[in-house]
Protein chains: 2
Amino acid sequence: MMNTNNVKQLAVFKALADPARLEIVEYLKHVDNEISCGEVGKALNISKTSGSYHFKILQEAGLINARKEAREKYVSLNPECFDKFITNFYKNI
Amino acid sequence: MMNTNNVKQLAVFKALADPARLEIVEYLKHVDNEISCGEVGKALNISKTSGSYHFKILQEAGLINARKEAREKYVSLNPECFDKFITNFYKNI
DNA sequence: TAAATAGTTCAAAAATATTTGAACTATTTT
DNA sequence: AAAATAGTTCAAATATTTTTGAACTATTTA
């Protein structure tokens with residue numbers, strides 16, 4: 001049986017269990033600054049529709065922060081989420 | 001584009017991105033000793049066919065060690081894999 | 001104000017992953 | 001030797017995830 005903490009834990013692993021999203025995460029880590037979804041998509045060759053879907057999954061998992069400024073959406077990693085659900089995963093289960 | 005290290009990284013996240021496998025991993029962590037697949041399946045209510053499939057995914061990702069003794073297959077976690085691909089993930093990307 | 005740009009939403013199509021049951025191998029118990 | 005047990009494999013069925021293109025909103029540029 002799955003408890004409620006695990007629902008979030010699972011969403012985090014699911015979010016990282018896709019090649020496009022793993023690339024987005026790595027890209028954001030290296031950029032180390034907020035960047036627009038469009039720019040990320042262009043750099044990684046992800047269509048805007050598909051990008052929109054992937055950013056949503058990452059956002060819902062809490063792995064990225066997003067800020068809408070006018071037409072553009074700026075995203076950046078949320079290190080606290082990585083820390084809590086990834087870095088400390090093994091120790092905490 | 002996905003590099004070859006990421007193939008393994010992705011397999012590890014995929015392996016953990018399923019409720020049954022997440023439960024298996026937690027169970028193995030708490031048992032903290034090798035245990036047969038059948039016993040795990042019984043405890044977590046996973047059919048033997050489905051269990052066989054999940055243990056294979058975890059094994060291929062390197063997250064568990066498995067040893068066949070006679071009729072039974074004994075499994076345990078492989079902490080080194082968690083350490084390399086989970087605990088150190090954020091720092092290393 | 002018309003055209004372009006950034007992103008979202010929707011439903012359908014395509015791709016992947018998971019579950020199931022039957023048949024199988026190998027070992028152990030009766 | 002027959003029956004039971006532990007696990008695997010296979011193909012089909014089912015479920016879930018991802019991609020696609022068209023239509024949409026909102027903002028900016030020409």
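Here the structure is a predicted model, which is why all the values come from computation and not from measurement. The chains referred to below are lettered A, B, ... by the order of the sequence lines, with proteins before strands, and numbering in each begins at 1.
- Taking E39(A) as the reference, I35(A), S36(A) meet the side chain to side chain contact (heavy atoms under 4.5 Å, CB included) condition, with sequence neighbours excluded.
- Of the side-chain N and O atoms in H54(A), one or more sit less than 4.0 angstrom from OP1 or OP2 of dT19(D).
- At whole-Å resolution of the value, CD1 in I57(B) and C1' in dT16(D) are 15 Å apart.
- For the side-chain contact (heavy atoms from CB on, under 4.5 Å) criterion with E69(A), the lone passing option out of K73(A), R71(A), E72(A), R67(A) is R67(A).
- Other residues, nucleotides and ligands contribute over 12 non-hydrogen atoms within 6.0 Å of the NZ atom of K29(A).
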Mind listing the N/O atom pairs, protein and nucleotides 9-16 of chain C, below 3.5 Å?
none

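- Within the structure, every pair that satisfies the ring-ring contact (aromatic ring centres under 6.0 Å, His included) test and touches residues 67-93 of chain A, not counting sequence neighbours, is listed here: F13(A)-F89(A), F82(A)-Y90(B), Y90(A)-F82(B).
- In this structure, A11(A) has no side chain to side chain contact (heavy atoms under 4.5 Å, CB included) partners at least two apart in sequence or on a different chain.
- No side-chain heavy atom of N6(B) sits less than 4.5 Å from a side-chain heavy atom of P19(A).
- A side-chain contact (heavy atoms from CB on, under 4.5 Å) with L63(A) holds for exactly one of L16(A), V75(A), I24(A); it is L16(A).
- Distance CD1 (I46(B)) to P (dT8(D)): 13 Å, rounded to an integer number of Å.
- Mapped onto DNA chain D by nearest heavy atom, S47(A) and Q59(B) fall at different nucleotides, with Q59(B) at the one closer to the 5' end.
- Between I35(B) atom CD1 and dG7(D) atom P there is a gap of 10 Å when expressed in whole angstrom units.
- In this structure the side chain of V40(B) never reaches within 4.5 angstrom of the side chain of I46(B), judged on heavy atoms.
- Of the two residues contacting DNA chain D, namely S50(A) and F55(B), the nearest-nucleotide position lying further toward the 5' end is that of F55(B).
- Mapping E39(A) and R21(B) onto DNA chain C by nearest heavy atom places E39(A) closer to the 5' end of the strand.
- In K8(B), the NZ atom is crowded: over 12 heavy atoms of neighbouring residues, nucleotides or ligands sit closer than 6.0 Å.
- At whole-Å resolution of the value, CG in N45(B) and P in dT19(C) are 12 Å apart.
- Between the CG atom of L10(A) and the C1' atom of dA17(C) there is a distance of 14 Å, given to the nearest Å.
- Rounded to whole Å, atom C1' of dT8(C) lies 16 Å from atom CG of L58(A).
- Each end of the helix from dT1(C)-dA30(D) to dT30(C)-dA1(D) gets its own axis, taken as the rotation carrying the C1' atoms of four end pairs onto the next four within a five-pair window, and the two axes meet at 10° to the nearest 10 degrees.
- The nearest whole Å value for the distance from the CD1 atom in I64(A) to the C1' atom in dG7(C) is 13 Å.
- A heavy atom lying under 4.0 Å from DNA chain C marks the following residues of residues 67-74 of chain B, by number: A70(B), R71(B).
- For the pair K14(A) and R21(A), the tightest heavy-atom approach, listed with the atom from each and the gap, is O-NH2, 3.1 Å.
- When hydrophobic clusters are built by joining Ile, Leu, Val, Met, Phe, Trp and Tyr residues whose side-chain heavy atoms come closer than 4.5 Å, directly or via intermediates, V25(B) is not grouped with I57(B).
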